[in-house]
Amino acid sequence: PNGQQVTLSLPDSTKVWAEAGSKVSFPVKLVNGSRLLSLNGEAYFDVRHNTENPFIVITNQYRIKVTGTEFRVRAYSNSPGCLASREAMI
């Protein structure tokens, strides 16, 4: 919703804090260990560690692949580029 941050708990225990106006989509059930999420906007991720099944954030221009860390992504479809910053050790 516009004007507020939304906190999501994903099926693998990963936490996502999506900023106002952001669009996040992900499967309700993990299929074959797949950990995919689509983002248009800005979100902070606290990804549960799993080296066998990387967590992938798909934006309009990039695929960001991690195995477990905390990071922020800013990727709007109406703005060129993408910003991803890590805020903790992998």
Side-chain angles (χ1 to χ4, degrees):
N2 286 331
Q4 60 181 281
Q5 186 181 65
V6 175
T7 303
L8 305 167
S9 293
L10 304 184
D12 70 342
S13 300
T14 290
K15 303 282 189 241
V16 180
W17 290 267
E19 296 297 334
S22 296
K23 294 180 183 176
V24 176
S25 60
F26 58 93
V28 175
K29 183 178 178 185
L30 299 179
V31 178
N32 298 324
S34 174
R35 301 193 306 161
L36 297 172
L37 179 139
S38 295
L39 172 67
N40 178 11
E42 185 173 353
Y44 181 83
F45 298 88
D46 184 355
V47 178
R48 183 174 182 201
H49 186 76
N50 184 334
T51 55
E52 293 181 16
N53 296 303
F55 185 85
I56 301 170
V57 177
I58 301 168
T59 70
N60 192 36
Q61 297 180 355
Y62 299 98
R63 294 173 65 96
I64 302 163
K65 182 177 175 181
V66 300
T67 58
T69 189
E70 296 180 32
F71 64 103
R72 176 174 299 281
V73 175
R74 184 180 306 139
Y76 292 91
S77 61
N78 62 354
S79 178
C82 170
L83 170 69
S85 62
R86 188 181 79 198
E87 298 183 17
M89 295 297 289
I90 294 178

Could you see if [X] belongs to whatever hydrophobic cluster contains [Y]? Use Ile, Leu, Val, Met, Phe, Trp, Tyr and a side-chain cutoff under 4.5 Å.
{"X": "Leu8", "Y": "Phe71", "result": "yes"}
{"X": "Val66", "Y": "Leu36", "result": "no"}
{"X": "Val73", "Y": "Val6", "result": "yes"}
{"X": "Ile58", "Y": "Phe26", "result": "no"}

Euclidean distance, [Y] [atom2] relative to [X] [atom1], rounded to 0.5 Å:
{"X": "Thr7", "Y": "Asp46", "atom1": "OG1", "atom2": "CG", "result": "11.5 Å"}
{"X": "Arg74", "Y": "Leu39", "atom1": "CZ", "atom2": "CG", "result": "11.5 Å"}
{"X": "His49", "Y": "Asp12", "atom1": "NE2", "atom2": "CG", "result": "12.5 Å"}

For a quick test of reading the model, state the closest non-hydrogen atom pair linking [X] to [Y] and the distance between them.
{"X": "Tyr76", "Y": "Ser22", "answer": "OH-OG, 4.5 Å"}
{"X": "Ala18", "Y": "Ala43", "answer": "CA-CB, 4.0 Å"}
{"X": "Lys65", "Y": "Pro54", "answer": "CE-CG, 3.5 Å"}

Whether Tyr44 and Trp17 hold their rings parallel, tilted or perpendicular, with breakpoints at 30° and 60°: tilted
Pair Leu37-Phe55, side chain to side chain contact (heavy atoms under 4.5 Å, CB included): steps then yes or no: CA-CA 8 Å; Leu37 179 139; Phe55 185 85; 4.1 Å; yes
side-chain hydrogen bond (donor to acceptor under 3.5 Å, both in side chains) partner of Ser77, the single match among Thr59, Asn40, Asn60: Asn40
Donor-acceptor under 3.5 Å (Arg35 side chain, Asn53 main chain):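 Yes, Arg35 side chain to Asn53 backbone: donor-acceptor pair under 3.5 Å.
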